[in-house]
Amino acid sequence: MTNPHDNLFHYTFSKPRHAEGWLRSVLPAHVSAAVNWSTLHVGPERIDGHDLRLRVADVVHLAELITRLPVGFLLEHQSSAKGAMRQHVLGYAVHLG
């Protein structure tokens with residue numbers, strides 16, 4: 001079930017320019033400097049896992065590092081404490097690659 005906060009988060013951070021601004025503000029300076037921000041683009045939010053379970057993320061952005069290696073940013077909005085968040089993020093990251 002979605003709520004207005006989820007909708008606002010998704011609407012705002014699904015736009016690369018807003019995601020870039022927020023990511024630059026929270027990443028360590030040396031990490032931010034390693035990203036080629038001009039390559040930032042929206043990635044797939046829905047991934048069919050190897051175990052055939054669908055995983056859905058809030059917002060995913062993909063980019064390249066200045067070394068041309070790919071990097072992904074998984075942005076998850078959590079309005080309440082859930083113990084399974086680590087497993088959710090790990091499961092998504094494993095199946096994205």
Side-chain angles (χ1 to χ4, degrees):
M1 174 179 253
T2 62
N3 67 47
H5 298 109
D6 291 334
N7 293 339
L8 177 62
F9 180 88
H10 189 271
Y11 177 81
T12 302
F13 292 112
S14 65
K15 294 173 178 35
R17 71 175 189 268
H18 295 304
E20 177 185 345
W22 182 74
L23 287 165
R24 283 181 182 257
S25 75
V26 297
L27 291 172
H30 69 281
V31 174
S32 181
V35 177
N36 178 354
W37 293 105
S38 68
T39 65
L40 189 69
H41 64 280
V42 175
E45 296 170 356
R46 300 170 65 91
I47 296 289
D48 291 318
H50 304 297
D51 57 0
L52 302 179
R53 292 181 54 205
L54 178 66
R55 285 163 174 81
V56 180
D58 285 344
V59 179
V60 175
H61 285 280
L62 304 173
E64 289 183 357
L65 298 175
I66 57 173
T67 59
R68 299 187 57 118
L69 291 171
V71 64
F73 300 100
L74 174 61
L75 309 179
E76 286 287 327
H77 176 258
Q78 193 70 34
S79 57
S80 63
K82 276 191 200 171
M85 181 50 77
R86 287 186 204 134
Q87 290 83 0
H88 174 72
V89 171
L90 178 61
Y92 190 88
V94 165
H95 291 93
L96 184 61

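Bear in mind that the values here come from a model prediction, so they are computed numbers and not experimental data.
The stretch residues 21-34 participates, sequence neighbours left out, in these side chain to side chain donor-acceptor pair (under 3.5 Å) pairs: E20-R24.
Note: the hydrophobic cluster containing L23 does not contain I66 (ILVMFWY, side chain heavy atoms under 4.5 Å, direct or indirect links). Residues L8 and V42 are members of separate hydrophobic clusters, defined by side-chain heavy-atom contacts under 4.5 angstrom among Ile, Leu, Val, Met, Phe, Trp and Tyr.
Contact detail for L75 and A19: the closest heavy-atom pair is CD1-CB, 4.2 Å. Contact record, K15 with H61: C-CE1, 4.1 Å, taken as the closest heavy-atom pair.
Residue E64 forms a side chain to side chain contact (heavy atoms under 4.5 Å, CB included) with just one option from V71, T39, L40, L69, and that option is T39.
Panel note: side chain H18, backbone F13; no donor-acceptor pair is recorded below 3.5 Å.
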